[in-house]
Amino acid sequence: MAVSAPRTAAIDGVAISLSGLCLIHCLLLPILSASLPLVGMWAEAEWLHKAFVLAALPFSFLALSSAPANTVVRGLIIAGFTALASGAFVEALHDYETQLTVLGGVLLASGHALRWVRAYGADQS
């Protein structure tokens with residue numbers, strides 16, 4: 001299924017933004033919660049972690065099921081989503097949730113960014 005460059009940009013742009021929000025949530029909210037107790041409730045909200053993963057699912061699926069997703073892009077997206085989902089849904093990995101979420105967010109964003117560059121690089125030549 002061929003996907004236009006603007007649609008690819010939209011899919012990957014939203015996916016990269018979601019990954020960025022995940023990283024902000026994981027890295028900044030704990031710092032803010034030390035100074036603002038109300039923010040601490042959001043930093044520890046388990047439903048929010050699951051919501052980020054569920055929000056990432058359709059964008060990851062769209063990116064995997066459409067061009068230009070080569071093996072490297074697919075590998076980054078699958079590995080990133082797996083890390084995110086493991087951190088959010090696998091209770092045995094709870095102690096590593098932040099590390100898995102950061103790793104997953106970076107891998108997902110990298111996969112989508114690479115896909116975006118490939119789409120625009122091919123479109124601009």
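- Distance check, rounded to the nearest 0.5 Å: OG of Ser86 to CD of Gln99 gives 13.0 Å.
- Sparse packing is recorded around CZ of Phe61, with 12 or fewer heavy atoms of other residues, nucleotides or ligands lying under 6.0 Å away.
- Remark: the Glu91 side chain and the His94 side chain contain no N/O donor-acceptor pair separated by less than 3.5 Å.
- When the side chains of ILVMFWY residues are joined at heavy-atom separations under 4.5 Å, either directly or via intervening members, Val102 and Leu93 end up in two distinct hydrophobic clusters.
- Side-chain heavy atoms closer than 4.5 Å link hydrophobic residues (I, L, V, M, F, W, Y) into clusters, and following such links, possibly through other members, connects Leu57 to Leu76.
- Separation of atoms CG (Leu62) and CZ (Arg115) is listed at 8.0 Å; rounding is to 0.5 Å.
- The distance from atom CG of Asn70 to atom CG of Leu114, rounded to the nearest 0.5 Å, is 6.0 Å.
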Could you walk me through whether Thr101 and His49 pass the side chain to side chain contact (heavy atoms under 4.5 Å, CB included) test, one step at a time?
-> CA-CA 9 Å; Thr101 302; His49 301 154; 5.9 Å; no
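- Distance alone, capped at 3.5 Å, places no donor-acceptor pair between the Lys50 side chain and the Phe89 backbone.
- Ala83 approaches Gly104 most closely through the heavy-atom pair CB-CA, 3.7 Å.
- Distance check: Leu84 CG to Leu100 CG gives 8.5 Å after rounding to the nearest 0.5 Å.
- Rounding to the nearest 0.5 Å gives a distance of 12.0 Å between OG1 of Thr98 and CG of Leu103.
- Counting only heavy atoms from C-beta outward, the side chains of Val53 and Phe81 approach each other to under 4.5 Å.
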